[in-house]
Amino acid sequence: MKMINTAQRPSWSEYFLAITELVAQRSTCIRRKVGAILVRDKRIIATGYNGAPTKVRHCLEVGCLRDQQNIPSGERHELCRGLHAEQNAIIQAALHGVSVENSTVYCTNMPCSICSKMLINARIKAIYYKDGYADTLAASMLAEAGIPLIQMESSADNGVK
């Protein structure tokens, strides 16, 4: 019987973060490619990436409204054609009749304050993310709601920060 070298096998969090990075490659955002997955009981229940709503032209086709108006990152989220990856993951779960309660979110980027409010009300139990985001309100609200916010290194780096 051949033994498996567990040192080469990624942890569940590393595994899901690596999948999230692949999901982000579907993004149509010019500024930042973001992916998110919802996981419960070690099973992916929904995925999402940032981009324009269905049947609406993507920024790749029409340009970035935020760039055109010189809007800095982390400000005026409503002035964008796209939905965030976390929003799209929650919407996908809802479209397929899947509850997201007690699931864990893996994101390539820390959720913004708008997405954090949605995740709190969706009763997400934990958030793992790779890159930070300039939104202290999000971190504050998640802490107040008792939702762990765990920053991880990229899958290539192999570990939690």
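- Without hydrogens or angle criteria, Lys130 side chain to Met152 main chain gives no donor-acceptor distance under 3.5 Å.
- In this structure, the side chain of Arg66 engages the main chain of Pro72 through a donor-acceptor pair within 3.5 Å.
- Taking CD of Glu14 as the reference point, atom OG of Ser11 lies at 3.5 Å (rounded to 0.5 Å).
- Without hydrogens or angle criteria, Asp135 side chain to Leu137 main chain gives a donor-acceptor distance under 3.5 Å.
- Nearest heavy atom pair, residue Val23 against residue Gly35, reads CG1-CA, 4.2 Å.
- A donor-acceptor pair is defined here as one N or O able to donate and one able to accept, closer than 3.5 Å; such a pair exists between the side chain of Asn50 and the backbone of Val34.
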List the steps, then state whether side-chain contact (heavy atoms from CB on, under 4.5 Å) holds for Ile150 with Ile127. CA-CA 6 Å; Ile150 302 126; Ile127 300 167; over 6 Å; no
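- Taken from OG in Ser116 to CE in Met110, the straight-line distance is 5.5 Å, to the nearest 0.5 Å.
- Shortest non-hydrogen contact noted between Phe16 and Ile44 is CE2-CG1, 3.8 Å.
- For the pair Val39 and Ile37, the minimum side-chain heavy-atom distance is below 4.5 Å.
- Rounded to the nearest 0.5 Å, atoms CD1 (Ile91) and CE (Met118) are 6.0 Å apart.
- Ile114 and Ile120 fall into different hydrophobic clusters, defined by Ile, Leu, Val, Met, Phe, Trp and Tyr side-chain heavy atoms under 4.5 Å apart, directly or through other members.
- Cluster membership check: Trp12 shares its hydrophobic cluster with Tyr128, using side-chain heavy-atom separations under 4.5 Å among Ile, Leu, Val, Met, Phe, Trp and Tyr.
- Minimum interatomic distance between Gly51 and Thr28 (heavy atoms only, all atoms of both residues): CA-OG1, 3.4 Å.
- Closest of all the heavy-atom pairs between Ile147 and Leu119 is CD1-O, 4.4 Å.
- One distance of note links CD1 of Ile71 with SG of Cys80; it measures 8.5 Å at 0.5 Å rounding.
- Partners of Tyr129 under the ring pair (Phe, Tyr, Trp, His ring centres under 6.0 Å) rule, at least two apart in sequence or in another chain, do not exist in this structure.
- The side-chain contact (heavy atoms from CB on, under 4.5 Å) test applied to Glu144 returns no partner, not counting sequence neighbours.
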Show me the side-chain donor-acceptor pairs of residues 97-107 shorter than 3.5 Å, one per line, residues at least two apart or across chains.
unit_1: Ser99; atom_1: OG; unit_2: Glu101; atom_2: N; d: 3.2
unit_1: Glu101; atom_1: OE2; unit_2: Arg123; atom_2: NH1; d: 3.3
unit_1: Ser103; atom_1: OG; unit_2: Val100; atom_2: O; d: 2.6

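- In Arg26, the CZ atom is not crowded: 12 or fewer heavy atoms of neighbouring residues, nucleotides or ligands sit closer than 6.0 Å.
- Residues Lys33 and Ser27 approach most closely at NZ-O, 2.9 Å, considering heavy atoms.
- Across every non-hydrogen atom of Asn109 and Arg32, the tightest pair is ND2-NH1, 3.3 Å.
- Under a 3.5 Å cut-off, the side chain of Gln25 and the backbone N or O of Leu22 do not form any donor-acceptor pair.
- In this structure a side-chain-to-backbone donor-acceptor pair under 3.5 Å is present from Asn88 to Tyr49.
- To the nearest 0.5 Å, atom OG1 of residue Thr47 and atom CD1 of residue Ile19 are 10.0 Å apart.
- Between the side chain of Thr108 and the main chain of Glu21, no donor-acceptor pair closer than 3.5 Å is present.
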